[in-house]
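Everything below concerns the one structure shown next.
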Amino acid sequence: MDYNFQEIEQQWQAEWEKAEVYKVDNHSDREPFYVLDMFPYPSGAGLHVGHPLGYIASDIYSRYKRLQGFNVLHPMGFDAYGLPAEQYAIQTGQHPEKTTNENIARYISQLKKIGFCYDWDRQVRTCDPQFYHWTQYAFIRMFDSYYDADQQKARPISELVARFEAEDPAWKTMSEKEQQQRLMQYRIAYLADTKVNWCPKLGTVLANDEVSEGLSVRGGYPVEQRVMRQWCLRVSAYAGRLLEGLDRIDWTESLKETQKNWIGRSEGAEMRFNIKGQDEPFTIFTTRADTVYGVTFMVLAPESEYVKRVVTAEQKEEVESYLDRCRHRTERERIADRKVTGVFTGSYAINPLTQGEIPIYISDYVLAGYGTGAIMAVPAHDSRDYAFAKHFNLPIIPLIEGADVSEQSFDAKEGKMINSGILNGLEVKDAIRRMKEYITETGIGRVKVNYRLRDAIFSRQRYWGEPFPIYYKDGMPYTLPEECLPLQLPEVDKFLPTESGEPPLGNATVWAWDEEHRQVVEKSKINHTTIFPLELCTMPGFAGSSAYYLRYMDNHNSSTLVDKDVNAYWRQVNLYIGGTEHATGHLIYSRFWNKFLYDLGLVCEDEPFKKLINQGMIQGRSNFVYRYIGEGATGNLYVSYNLIDTPEYKDKVQPIHVNVNIVHNDILDIEAFRNWMPEFKDARFIYSDGSSDFDNPYSQIFAEKQYICGWAIEKMSKSMFNVVNPDDVVKNFGADTLRLYEMFLGPLEMSKPWDTNGIDGVHRFLRKIWNMYETVSDDEPTRDELRSLHKLIKKITWDVENFSFNTSIPAFMIAQNELNGLKCNKRAVLETVAILLAPYAPHIAEAMWHRCGHTTFVVDAQWPEVNEEYLQEDGVKYPVQFNGKVRFTLTLPKDMSKEDVEKAVMQNEETAKYLTGTPKRVIVVPGKIVNIVL
RNA sequence: GCCGCGAUGGUGGAAUCGGUAGACACGAAGGACUUAAAAUCCUUUGACCAGUGAUGGUUGUGCGGGUUCAAGUCCCGCUCGCGGUACCA
């Protein structure tokens, strides 16, 4: 019987659904195992073949773990809030909820066709009030917590209040508003005036990881700096723990490295510099305390608090105009134009070691948000200071022996110190240590660790996001009572900001908080005594994705985020698969979020993702036709790719993207091309053999007349006409072929282009293996059959455990070939092959399993064990002569002693032929190969 | 600039612990079956040289060195490509 993949796949998908085979129980004697995919944002374009790559890998692993007897949690959901749906709503007036639900429905149908073993009953959507209830809940808890530096964990803000009451007499005399303002400086979720990335085109602020090179990651619009009052999360408080936690998790080195860089720990010192003629000193941060003798000027960030204090009357005007210029420069302009700019403040600082006077400047190469926003400049040993010094003609004092600073600074941390008072003669490393000791002893400064990681800006001036459970009383924010959650997103009539510039929620009419009756009421009723305005911003995309993995554990629980016992059973995600693009966003935020919940005792593990694998991106493979634009061109003639470099056509053709779905193995479907777009209706061709339609008007009916298309690797996108829809692949080749082929393309972590050429190979394999199940016999398998089978078991087990899925497919093909060559149709062999194939190609494996006479599902089978006995294969192989010596290659059992190896060599018939005496030297690689040098 | 990763036939890629480089697949060429096509099956396929031939030899994993009986794999120095990050003091 033919391999009717459509019938097989539909039948078994239906059977699995009916029997609820993928339903996962929270209570089981089996060991738990949690395999998670990064849930997708359901975009309007639907899935393309690149998206399921990671899902297929995690599905294979889940099924494997399940066959090994684990209780596997493998859920899927949707990151449903986000900008595209809202932008679409602004353009078309369609409610984002409607388009989002439509997109989700499409995603689910696409995912189901591929045959994943998700427990769909555990689906979560971030825009579902039952889900964002717990996003809001976490926010309230963050608002009600502060970070205790001594205990290094989050504690209830009430403890801080108690401490203030006990220790600070001023506390009781403060008004409520003053108290609230003071607490705001400690809360983990806090409101602050901060310099933010404002994107005028999107009409919202963005977090640091949502901006790249001065442009928004989504949309690529310019971003400028603005000071705004925003909700922030004190992620920076967790910087040390986020860094340290990396040592305890099994992630790729490159991803850990990216996070380490993003967190940016740097060990240095804070030092106080007195200002000439003032009492109060100011503080700088440096990692090169050893260079303090070479400080020739100081620099403040334009936004620094110190600026006001040090600007003299004479310099005031010049400084003001410089600050004004900085303010109006966008981030992008600042990056594009790296010219040295700055202004003298008129004041001088006193070097605490030399007592010399040093001028204080302002320049935007110093950042307000890092360290103290002020630096001591050492032009001889810092390239940025060097450029500044050259520009403003400031002195440059070399501090390291032999360093030539006439052309450029010497930034390396090596060499012997000179011109450096107490440090002279020391190596740089020792000099840094010595100076730290010195400043600590003398009270000039202290050792300090700084982090590059900033607090996350948490407000978005958007509609389609989680509303904040916050209302404002006397200008200060208050949280809604937890029992009143979720605070549902209100309806609005338009999704744009209001005319007065308020965020879109300003358009909602029912959007005020009645404190007394604890409910949302009409805005018109606001009286500021019992009825107050609600927050108009919504939360950013990463809010909903920061703890979704916890919700899958217990998604129907309406009384808590996740039940304690359930959490204690699943604990954490054992395997997380997703793209590297989330390295500095989602993967930082969710680790932070989880650690916060851990501090509160709500979850039992402080790292959410035990092991993490990054799948590579699948790029598109575009095809081109080549329009003739040389002499006499009518714009309607296309030259075959193999001819475009011939003298006749060189530089006379223009490549045009052609839809990859009408190209097969780089051969253009002429008819489909003519029907593709009106402009190609009358297209004519120069074929690969150089003939053309002009020679013979009926030429295309001859098979040998082919038009070959060129190709290139590009991003998969609509505009390149290179998008391949998994639905089409499933329809033409089947889900099992798609799954196998995606794995076969190359290593999981590597980026690789999708190339439909070649899919026939794996499809052919499935057809061949299917044919082996035509008749199943109950005879005993032979030793050769068993050897073949156990080689396969060993290989597949190793592959799955090491995520080397791409090398499994050849192993299956080889085994299929061997078994077919042995005419093997033994049930014992075939049913084991079905189990091995089940993670990769579950539908055909299920059908094969049933052909072996089973009435149960293959997903409930047991993963086979390797019997080493069948793998033994002793004997001599490949005696090779080289350079007058003879090298014998023997395959010998493991754990053989040197003497035994020598004995085995001497006794072996083959090798004995070559041996005339005792070998000079025997080199042994256990279990593998022996070289004997005579 | 800094950090990380990579480079193997016409193509995707394999070689898992330093041990037969090119598995497996695609493509290509030739053949079988067929009225024909599709499908299927078989053979060949890194390059070069010799031979009618089985076969034999040389060369070969981006470039230049090194370690080793043995290097795609380890070490040093480059070139190119990809990714991250960028005035972080």
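A note on names: the letters A, B, ... follow the listed sequences, proteins ahead of strands, and every chain is numbered from 1.
- The A:Asp382 side chain lies nearest to B:rA89 when the options are B:rG13, B:rA89, B:rC87.
- Among the atoms of the strands shown, none is found under 4.0 Å from any heavy atom of A:Pro753.
- For A:His763, the ring pair (Phe, Tyr, Trp, His ring centres under 6.0 Å) partners at least two apart in sequence or on another chain are A:Tyr3, A:Phe5, A:Phe733.
- Summarising the geometry, the separation between CZ on A:Phe744 and P on B:rA14 is reported as 10 Å, rounded to the nearest angstrom.
- Annotated as anti: B:rC74, whose O4'-C1'-N torsion sits more than 90° from 0.
- Across B:rU44 and B:rA39, the matching C1' atoms stand 22 Å from one another, rounded to whole Å.
- Residue A:Ile375 is classed as a base contact, given a heavy-atom separation below 4.0 Å to a base.
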Contact string for nucleotides 1-10 of chain B, one letter per nucleotide 5' to 3', B = base within protein heavy-atom range under 4.0 Å, S = sugar-phosphate only, - = neither, reads --SS------
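- Residues A:Phe388 and A:Tyr361 place their aromatic rings such that the two centres sit under 6.0 Å apart.
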Could you list the protein-to-nucleotides 26-30 of chain B atom pairs, N/O on both sides, closer than 3.5 Å?
from   : atom 1 : to       : atom 2 : distance (Å)
B:rC26 : OP1    : A:Arg764 : NH1    : 2.6
B:rG27 : OP1    : A:Asn665 : ND2    : 3.4

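- Residue A:Phe765 contributes atom CZ, which lies 18 Å from atom P of B:rA23 at whole-angstrom precision.
- Base-pair partner of B:rA14: not found among the strands shown (Watson-Crick or G-U wobble, both distances under 3.5 Å).
- Within the structure, a side-chain polar atom (N or O) of A:Ser266 is placed less than 4.0 Å from OP1 or OP2 of B:rA89.
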